[in-house]
Colleague: 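Once you've had a glance at the structure underneath, I'll fire off some questions.
Just the heavy atoms: all of them, side chains too, but no hydrogens, waters or symmetry mates, feed the values below. Please read these numbers as outputs of a predicted model, since none were measured by experiment.
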Amino acid sequence: MVDVTRYNFDELLPEVKAHIEASSFVALDTEFTGLHVEGSTGNSLFDSPDLRYEKLKQLASQFTVCQIGLCAFVKEPKKNSYVGHAYNFYLFPRSCADIDARFLCQASSLEFLVQHNFDFNRLFYDGISYMNTTQEKSLKEQPVIEMARGVDEDMLKHCHTVIAEWLPSTIEGDKLPLDVTLSDKFVSLQLQTMLRDYFPVIWTNTSATGQVIVKRVSEESRKELEKATENRLLEYILGFTHVFRILVESKKPLLGHNMVTDLLFVHEKFHNPLPDKFSDFKKAIHTLFPQVVDTKHLSFKLKKELIEKGLPVTSTGLDQLYQNLCSDKGRFLVLHSPYIELSQNQCKYKDSHPLHEAAYDAYLCGYVFLRLAHFQAAKKISATVSSPLGFRAILDAVKPWMNKLNLIRANVPYINLAGPDPPSRRPRLLYVSAIGMSTLSASKLAEEFSIYSSVDVQLVDKRNALLAVSTYGGCKDIMRAFKDHKTLRVKHYNVFQHSRPVRYTLWGAIAVLGAACLWTLFGDQGKVR
């Protein structure tokens, strides 16, 4: 694993690009500054895909990505093995001109990161900048000098004075090392842009140590240098967005574990602000990444078969899946199981297992995918087959579950990026009414019904509530247990019987229809007379 910061990003970008382009697939994981929006009800069994999208859209607009992990899995030529190249990117947005990102931090999310040894110094001091296309367009419409505003005024005045005293006695080609050394490349570029704008006969660059060097140049040389270094500031601010665009252009299969939220953040921060319509979001993501695999959804679908094969899969959490699948039993469930390892120059994860570090989780996700997909593909091969499966065969085996993203605690099990979402498989809603003069409490109802199944409660008014139940068995148990209850009446929800807006609309329509019939009847009689 390689930690990537603003100081080694330019150096590592060509390597990252090469590994993505050579890979069979790329796994992704993200860490956020928060996961719950104030006033939101959180994940609920009442949530449709559209409603869940509205909740997550607020999340992605208010919080930000503080770390993103990518692991490019490259299949070794003529070998049944894959090598994972993992990169851990610390991200922090830079302010520039009128671009000044605002985001929230949630205490519980930061506490979670602290518990897993997240390096906040690297985040704030060394984080790589990024922006989406809308922000990039805004900067392009502004003069370059506006992007350089914000340089320390005392430092700028000092440089102005030194250069102004030096210039009169110089000829073309003379150089002046300034007593200014900047380790922050962005600040250095801002300073150099301001100096070049103020003195039209100079050019600037930096030494290997970051010292700013001024050179006297001719008008022709100046124009050539300006063309060669055009948009340097903008290119720097784009930062991680360059990696995102490499991923998009590569069209490699993209993997994640429970990755709906990851994809919303990726769209919002590196592509464009999220669209208002959920259907537009699905189209956009499917265009950017035509082949997406959620290992959470995949593991749900294969869990029963894995257990039947003797693998004790008690959880579909990423770490638990990895522990099962990297065991001796898990690695040799079927014939020709591939060998999977991290790149030899990325040995950090061979001796440690830092869960919830983005690059490590991305590696686990890719590992789990290869094991699950190979398990599925190998079911069709005979014991007499001697050659291992190629990646195309492995990928084809999981096509039934491709572009389907797991939804936690919703009224559908997943969303389909490539087509219509599935119908709800949850039981019918229940309608709970208070008997007598008592009133209802959502928390007390949830506590009372949760002994039968996982439930969510929505109060309709003080005396009535809707109840969403996760399982059919639990729903039957509740109906049976509360059949003759003294204080609560529980029925299956009927929209015509229990929805006031629908009832009022229905009665209104009946009244209008009745009036129309009377008018037709008596109006015609009046004409006859």
Colleague: Rounded to the nearest 0.5 Å, how far does CE of Met259 lie from CZ of Phe289?
Modeller: 8.0 Å
Colleague: Under a plain distance cut-off of 3.5 Å, with no hydrogens placed, do Ser453 and Ser470 share a side-chain donor-acceptor pair?
Modeller: yes
Colleague: Of the non-hydrogen atoms in Ser109 and Leu35, which two are nearest, and what is the gap between them?
Modeller: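 For Ser109 versus Leu35, the nearest heavy atoms are OG-N, 3.5 Å.
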Colleague: Mark yes or no for whether Arg52, through its side chain, and Arg409, through its backbone, hold a donor-acceptor pair below 3.5 Å.
Modeller: yes
Colleague: Is it the case that the ring center of Phe89 lies less than 6.0 angstrom away from the ring center of Phe240?
Modeller: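 Centroid separation for Phe240 and Phe89: below 6.0 Å.
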Colleague: Donor-acceptor pair, Lys251 side chain versus Leu288 backbone, under 3.5 Å?
Modeller: yes
Colleague: Measure the spacing between NZ of Lys491 and CE of Met479 and express it to the nearest 0.5 Å.
Modeller: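 Between Lys491 NZ and Met479 CE, I get 9.5 Å after rounding to 0.5 Å.
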Colleague: As a quick check of understanding, evaluate ring pair (Phe, Tyr, Trp, His ring centres under 6.0 Å) for Phe265 and Phe63, giving each step before the final call.
Modeller: CA-CA 9 Å; Phe265 271 91; Phe63 298 105; 7.6 Å; no
Colleague: What I want to find out is whether Lys379 reaches Glu308 closely enough, with some N-O distance under 4.0 Å, to be called a salt bridge.
Modeller: no
Colleague: Hey, mind stepping through Phe278 and Ile415 against side-chain contact (heavy atoms from CB on, under 4.5 Å) and telling me if it holds?
Modeller: CA-CA 10 Å; Phe278 174 56; Ile415 62 173; 3.8 Å; yes
Colleague: With a 4.5 Å heavy-atom cut-off, do Val469 and Tyr452 have their side chains touching?
Modeller: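 No, too far: nothing below the 4.5 Å cut-off.
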Colleague: Would you call Leu488 and Ile435 a side-chain contact if the rule is heavy atoms closer than 4.5 Å?
Modeller: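 No, side chains not in contact.
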Colleague: Is the distance between the ring centroids of Tyr414 and Phe300 less than 6.0 Å?
Modeller: no
Colleague: Is the closest basic N to carboxylate O distance between Asp50 and Lys277 below 4.0 Å?
Modeller: no
Colleague: Once rounded to the nearest 0.5 Å, what's the spacing between atom CD1 of Ile340 and atom CZ of Arg331?
Modeller: 10.0 Å
Colleague: Is the closest side-chain heavy-atom distance between Leu445 and Leu440 below 4.5 Å?
Modeller: yes
Colleague: More than 12 heavy atoms of other residues, nucleotides or ligands under 6.0 Å from CD1 of Ile451: yes or no?
Modeller: yes
Colleague: Quick one about Tyr53 and Ser279 (side-chain donor to acceptor, distance below 3.5 Å, no hydrogens or angles considered), yes or no?
Modeller: no
Colleague: Look up atom CZ in Phe449 and atom CG in Leu467, then write down how far apart they are to the nearest 0.5 Å.
Modeller: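 The CG atom of Leu467 is 5.5 Å from CZ of Phe449, to the nearest 0.5 Å.
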Colleague: Tell me if a side-chain donor or acceptor on Asp456 pairs with a main-chain N or O of Ala468 at a distance below 3.5 Å.
Modeller: no
Colleague: What do the steps show when you test Leu333 against Arg371 for side-chain contact (heavy atoms from CB on, under 4.5 Å), and what is the final call?
Modeller: CA-CA 9 Å; Leu333 274 176; Arg371 290 278 178 251; over 6 Å; no
Colleague: Where the side chain of Asn132 meets the backbone of Glu268, is there a donor-acceptor pair that is under 3.5 Å apart?
Modeller: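 Present.
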Colleague: Assess whether atom NZ of Lys304 is packed by more than 12 heavy atoms of other residues, nucleotides or ligands within 6.0 Å.
Modeller: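 No.
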Colleague: Are a donor atom and an acceptor atom from the side chains of Tyr130 and His242 found within less than 3.5 Å of each other?
Modeller: no
Colleague: Is there a donor in the side chain of Thr134 and an acceptor in the side chain of Asn272, or the other way round, less than 3.5 Å apart?
Modeller: yes
Colleague: I'd like to know if the side chain of Thr295 reaches the main chain of Gly256, judged simply by a donor and an acceptor atom lying under 3.5 Å from each other, with no hydrogens or angles considered.
Modeller: yes
Colleague: Please check if atom CG in Asp100 has more than 12 non-hydrogen atoms from other residues, nucleotides or ligands closer than 6.0 Å.
Modeller: yes
Colleague: Could you measure the distance from the OH atom of Tyr90 to the OG1 atom of Thr5? Nearest 0.5 Å is fine.
Modeller: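 Output value for this atom pair is 9.5 Å.
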Colleague: Does the ring centre of Phe73 sit less than 6.0 Å away from the ring centre of Tyr82?
Modeller: no
Colleague: Looking at Ser454 and Leu45, what are the two nearest heavy atoms and their distance?
Modeller: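 That would be O-CD1, 3.6 Å.
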Colleague: Stepwise, does the side-chain contact (heavy atoms from CB on, under 4.5 Å) test hold for Tyr87 with Ile20?
Modeller: CA-CA 11 Å; Tyr87 297 91; Ile20 289 174; over 6 Å; no
Colleague: Is the closest side-chain heavy-atom distance between His374 and Pro338 below 4.5 Å?
Modeller: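 Yes. Closest side-chain heavy atoms under 4.5 Å.
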Colleague: Regarding His297 and Ser299, is there a side-chain donor-to-acceptor distance under 3.5 Å anywhere?
Modeller: no
Colleague: Any luck finding a side-chain donor-acceptor pair between Thr316 and Lys296 under 3.5 Å?
Modeller: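 Lys296 and Thr316 do have a side-chain donor-acceptor pair below 3.5 Å.
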Colleague: Atom OH in Tyr339, atom CG in Asn80: separation rounded to 0.5 Å?
Modeller: 12.0 Å
Colleague: Nearest heavy-atom pair of Arg245 and Leu238: which atoms, and what distance?
Modeller: NH1-CD1, 4.0 Å
Colleague: Considering only heavy atoms from C-beta outward, does the side chain of Glu448 approach that of Phe482 to under 4.5 Å?
Modeller: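 A side-chain contact under 4.5 Å exists here.
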Colleague: Under a 3.5 Å distance rule, please check whether Asp29 uses its side chain to pair with a backbone N or O of Ala359 as donor and acceptor.
Modeller: no
Colleague: Without hydrogens or angle criteria, can the side chains of Glu76 and Ser81 be said to hold a donor-acceptor pair below 3.5 Å?
Modeller: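 There is such a pair between these side chains.
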Colleague: Side chains of Val292 and Met402: closer than 4.5 Å at any heavy-atom pair?
Modeller: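 No, too far: nothing below the 4.5 Å cut-off.
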Colleague: Within the structure provided, determine whether Val26 and His19 are in side-chain contact (heavy-atom separation under 4.5 Å).
Modeller: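 Result no, sub-4.5 Å side-chain heavy-atom pair not found.
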Colleague: Within a reach of under 6.0 Å around CD of Glu305, are more than 12 heavy atoms found that belong to other residues, nucleotides or ligands?
Modeller: yes
Colleague: Would you say the ring centers of His492 and Tyr431 fall short of 6.0 Å from each other?
Modeller: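 No, ring centres 6.0 Å or more apart.
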Colleague: Okay, side chain of Thr241, backbone of Phe270: is any donor-acceptor separation there less than 3.5 Å?
Modeller: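 Between the backbone of Phe270 and the side chain of Thr241 there is no qualifying donor-acceptor contact (under 3.5 Å).
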Colleague: Do any N or O atoms from the side chain of Gln106 and from the backbone of His36 form a donor-acceptor pair under 3.5 angstrom?
Modeller: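 Flag set: sc Gln106 to bb His36 pair under 3.5 Å.
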Colleague: Ignoring hydrogens and angles, state whether a donor on the side chain of Asn406 or Asp294 is under 3.5 Å from an acceptor on the partner side chain.
Modeller: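 No, no side-chain donor-acceptor contact under 3.5 Å.
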Colleague: Can you confirm whether or not the ring centre of Phe120 sits under 6.0 Å from the ring centre of Phe118?
Modeller: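 Judged by ring-centre distance (under 6.0 Å), Phe120 and Phe118 do meet the cut-off.
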Colleague: So which atom in Leu342 and which in Val83 form the shortest heavy-atom distance, rounded to 0.1 Å?
Modeller: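 So the two residues come closest at C-CG1, 4.1 Å.
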Colleague: Please assess Asn411 against Ser48 for the test side-chain hydrogen bond (donor to acceptor under 3.5 Å, both in side chains), listing each intermediate value before the final yes or no.
Modeller: CA-CA 6 Å; Asn411 70 1; Ser48 64; 5.3 Å; no
Colleague: Kindly indicate whether the side chain of Leu28, heavy atoms from C-beta on, has any atom under 4.5 Å from the side chain of Leu254.
Modeller: yes
Colleague: Under the ring pair (Phe, Tyr, Trp, His ring centres under 6.0 Å) criterion, do Phe92 and Tyr125 qualify, and how do the steps go?
Modeller: CA-CA 9 Å; Phe92 192 77; Tyr125 286 102; 9.9 Å; no
Colleague: Are the side chain of Ser250 and the backbone of Leu247 linked by a donor-acceptor contact shorter than 3.5 Å?
Modeller: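 Yes, because the side chain of Ser250 sits within donor-acceptor range (under 3.5 Å) of the backbone of Leu247.
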Colleague: Tell me every residue that passes side chain to side chain contact (heavy atoms under 4.5 Å, CB included) with Lys55, counting only those two or more places apart in sequence or in another chain.
Modeller: Ser40, Thr41, Ser44, Asp47, Leu51
Colleague: Does Thr33 reach the main-chain N or O of Leu104 with its side chain, forming a donor-acceptor pair under 3.5 Å?
Modeller: yes
Colleague: Can you tell me if Thr471 and Arg426 form a side-chain donor-acceptor pair at under 3.5 Å?
Modeller: no
Colleague: Which heavy atom in Ala22 sits nearest to a heavy atom in Val74, and how many Å separate them?
Modeller: O-CG1, 3.7 Å
Colleague: Please report the closest heavy-atom contact between Cys66 and Leu113, naming both atoms and the distance.
Modeller: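 Scanning both residues, the minimum pair turns out to be SG-CD1, 3.9 Å.
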